[in-house]
Protein chains: 2
Amino acid sequence: MVTISDIAAALGVTPSTVSRALSGSPRVKEETRIAVERMAAEMGYERNIVASNLRKGRSDIVGIIVPRIHRNFFSNVIGGAESILEAAGYCVLICQTHERFDAEVKALRTLRNNQVAGVLMSHAIGSDNGKHIQEVLGDRIPLVQFDRVFSDLPGAKVVSNNFEGAYAATKHLVEQGYRRIGTLAGYMNSEAYAARLEGYRQALRDCGLPVDESLVHYDTIVRETGFDAGLKAIEAGCDALYSAGDFSALGAIEAARSKGLRIPEEFGIVGTANEAFTSLMTPKMSSLALNPFEMGRQAAQAFLSGEEGTVVVPMELKVRESSSRNEQQNLSTYA
Amino acid sequence: MVTISDIAAALGVTPSTVSRALSGSPRVKEETRIAVERMAAEMGYERNIVASNLRKGRSDIVGIIVPRIHRNFFSNVIGGAESILEAAGYCVLICQTHERFDAEVKALRTLRNNQVAGVLMSHAIGSDNGKHIQEVLGDRIPLVQFDRVFSDLPGAKVVSNNFEGAYAATKHLVEQGYRRIGTLAGYMNSEAYAARLEGYRQALRDCGLPVDESLVHYDTIVRETGFDAGLKAIEAGCDALYSAGDFSALGAIEAARSKGLRIPEEFGIVGTANEAFTSLMTPKMSSLALNPFEMGRQAAQAFLSGEEGTVVVPMELKVRESSSRNEQQNLSTYA
DNA sequence: AATCATTGTACAAACGTTTGTATTATTCGT
DNA sequence: ACGAATAATACAAACGTTTGTACAATGATT
């Protein structure tokens, strides 16, 4: 491997000059800079990033920690963040926590020990608060939280307007004539889910419907728990559900189907996240779409700018068959 | 940040002893090792990985390069590889190429410059051969290819039995009574797709059916191209398709539907990859399942062991509604 | 008691960069 | 043409670890 010393020797200058030339310092003459660049290209030089990082005390790696990369939402956030960070000369180190607290701590340690320039993360369901995050990261490594955030941690945050989104989804169900609407609320240690639950409650109140706490099903985030909660909801006389997740909504649909209920005529449902399968299944599932690519972009921007505020990315309700009782709209092939 | 020198100073020994103690060298006395370990824990020491990497000339990072992380197949490969690598003390750096050649080269450079311990990769469709891979990686960085491999590159390879799988899928269609079976073959610069195409051809031959090359649709890998090729296939009188991808199969289904054909009665289809949506849509799509998690595990194992052979991971045909014309099996809710 | 293994530690040189300070070359005003 | 100011480069020390070699201490062997 060719080093800056090799280039320096070849040109009869010192390594420091080469280093400055290559990093575009104004302290080297235009002429030498060009000579250095040409020689570097000729000799096939490439900067040893590890050495550079050691000296500088930080790297050009930005760590992204997500519960699971295969979730549509998270892989799109990553894609959005990547698009910004790559252009800015960073590369991206992705870690999965599989929703486990210990894996999250380990990921944080790994990133810190690799001296990442910053961390973008959405915490695991297994994390109750952000103490461990602050502990591992300290105040040297900038943190940007997205989607699932601990609002008492410092640093920028990018969130969806969960309250308004869930409000709209619930109101939509009411407008479709459903009257006993339950919810699959998710985990309350996530502020995102808590906000959705509040939006659901407020919508019911504003529509003059009672808020029946027995229709709120907590800890429902995957297909299986959605199925179980769906059965209970039907048992309790629900005619519709707003689910804070798509997979649990899918479970609930399966529950309704297993009870012989027709969707959307006898049972309506709106999920959240707009996973790919929602528009491929039959009936097509209505879903409250997040805007993950944009969230990723915003998170990356926040990291780059260093600003600490909270960015809100709006959600969009995708009305499809599973909640369209009034006018059965005929959706196009690609909807 | 506390360094080994701090620990050394605190104990009255030298940094080298501390380093050896912490890495478990037999050259330090049990007693001192324990003292060092205690002091390290007490002072909250954590090894500076960047410095360590610089000195050792390599890192504990294994790079994984995939076309797109959100594909079910790839995210599962990553999951499988992670499960092995993490246990072995490595961490994983994930790069996406978005099927673009230039992005692939850039990812390779990034990984090499970060002195990764090894690279696991599945090349982009945009790559015609592996010259750039060998060029960037040299012979210092071990390479393991999976799924899409260039067989003339050195290093271990993990592949599916694409020939046998496609053979089985095609034969299944014949057994279901389809007689004019086309294929959405994918890109021929990928050996995986080429092998599937051969399996398809051989199955037709073995079943005594003619191989009509006009029914082979190349470059069909996404929904849109699948739709277009599906229309052409129907035009040409096909009554079934074996698709080397699920998304293109989905497009073909939509094409058949747009022509008013009933599935599977009038048109049968089998996809490949067993994407999540295949079992959620209506009709449920038959698919030739890869075993991505296992492939990831095998790739990681191959990296760890340093063995150079080719590992074959078997595929499994998931027969569902889209190709079940004979006996309409009633599949369970969770199938 | 002197010699020789053996064991444990210390010393010091790397790894390739970056960067503060010192030094030399150049330019400019007078 | 000389000194001052400025520009360009050289020098050298870091960043924190690892590791080959040298050294000292211990114990065994004759």
Rounded to the nearest Å, what distance is computed from the [atom1] atom of residue [X] to the [atom2] atom of nucleotide [N]?
{"X": "Leu54(B)", "N": "dG16(D)", "atom1": "CG", "atom2": "P", "answer": "12 Å"}
{"X": "Ile4(A)", "N": "dC11(D)", "atom1": "CD1", "atom2": "P", "answer": "14 Å"}
{"X": "Arg58(A)", "N": "dT18(C)", "atom1": "CZ", "atom2": "C1'", "answer": "11 Å"}
{"X": "Met1(B)", "N": "dG16(D)", "atom1": "CE", "atom2": "P", "answer": "10 Å"}
{"X": "Asp60(A)", "N": "dT18(C)", "atom1": "CG", "atom2": "P", "answer": "10 Å"}
{"X": "Glu46(B)", "N": "dC15(D)", "atom1": "CD", "atom2": "P", "answer": "19 Å"}
{"X": "Leu11(A)", "N": "dA10(D)", "atom1": "CG", "atom2": "P", "answer": "10 Å"}
{"X": "Asn53(A)", "N": "dA14(D)", "atom1": "CG", "atom2": "C1'", "answer": "16 Å"}

Item to check | Contacting residues from residues 19-33 of chain B, given that a heavy atom lies under 4.0 angstrom of DNA chain D | outcome: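 Listed by number, they are Ser19(B), Arg20(B), Arg27(B).
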Next on the checklist: Quick check on contacts: within residues 106-117 of chain A, what sits under 4.0 Å from DNA chain D by heavy-atom distance?
Outcome noted: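 Output list: empty, so none.
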Just by modelled atom types, is the [Y] backbone N or O under 3.5 Å from a matching donor or acceptor in the [X] side chain?
{"X": "Thr32(B)", "Y": "Lys29(B)", "answer": "yes"}
{"X": "Asn76(B)", "Y": "Asn291(B)", "answer": "no"}
{"X": "Gln115(A)", "Y": "Val50(B)", "answer": "no"}

Checklist entry - So what does Val13(A) hit on the nucleic acid, given a heavy-atom distance under 4.0 Å: a base, only sugar-phosphate, or nothing? => result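 Here Val13(A) touches the backbone only, sparing every base.
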Please tell me which of the listed nucleotides, [options], lies nearest to the side chain of [X]?
{"X": "Thr3(A)", "options": "dG16(C), dG16(D), dT18(C)", "answer": "dG16(C)"}
{"X": "Thr14(A)", "options": "dT18(D), dG16(D), dA10(D)", "answer": "dA10(D)"}
{"X": "Arg55(A)", "options": "dA10(D), dT19(C), dA14(C)", "answer": "dT19(C)"}

Next on the checklist: For a quick check under 3.5 Å, do Ser23(B) and Ser25(B) share a side-chain donor-acceptor pair by atom type?
Outcome noted: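 The answer is no; no qualifying pair exists.
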Checklist entry - Looking just at side-chain N and O atoms, do Thr14(A) and Thr17(A) make a donor-acceptor pair shorter than 3.5 Å? => result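 On atom types as modelled, these side chains qualify, holding a pair under 3.5 Å.
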Item to check | Criterion side-chain contact (heavy atoms from CB on, under 4.5 Å) against Val158(A), the qualifying member of Arg297(A), Gln145(A), Met295(A), Gln301(A) | outcome: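 Checked Arg297(A), Gln145(A), Met295(A), Gln301(A) against Val158(A); only one passes side-chain contact (heavy atoms from CB on, under 4.5 Å): Met295(A).
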Item to check | Contact check, side chains of Arg148(A) and Glu191(A), non-hydrogen atoms, under 4.5 Å | outcome: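 A side-chain contact under 4.5 Å is absent here.
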Next on the checklist: Students often mix this up, so state it plainly: with edges at 30° and 60°, are the rings of His123(B) and Phe150(B) parallel, tilted or perpendicular?
Outcome noted: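 His123(B) and Phe150(B): parallel rings.
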Item to check | Minimum-distance pair of heavy atoms, taken over all atoms of Ala194(B) and Met188(B) | outcome: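 Looks like CA-SD, 3.7 Å.
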Item to check | Under 4.0 angstrom between Arg47(A) side-chain N/O and dT18(C) OP1 or OP2 | outcome: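 Checking dT18(C) against Arg47(A), a side-chain N or O does come within under 4.0 Å of OP1 or OP2.
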Next on the checklist: Can you say whether a donor on the side chain of Ser16(A) sits under 3.5 Å from an acceptor on the base of dC11(D), or the other way round?
Outcome noted: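 Such a pair exists between side chain and base.
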Next on the checklist: Check Arg71(B) with Glu99(B), please: is the shortest side-chain N to carboxylate O separation under 4.0 Å?
Outcome noted: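 So Glu99(B) pairs with Arg71(B) through a salt bridge.
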Next on the checklist: Pick the closest DNA chain C nucleotide for Asn48(A) and for Thr17(A) by heavy atoms, then say which residue is nearer the 5' end.
Outcome noted: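 Comparing both residues, the 5'-ward one is Asn48(A).
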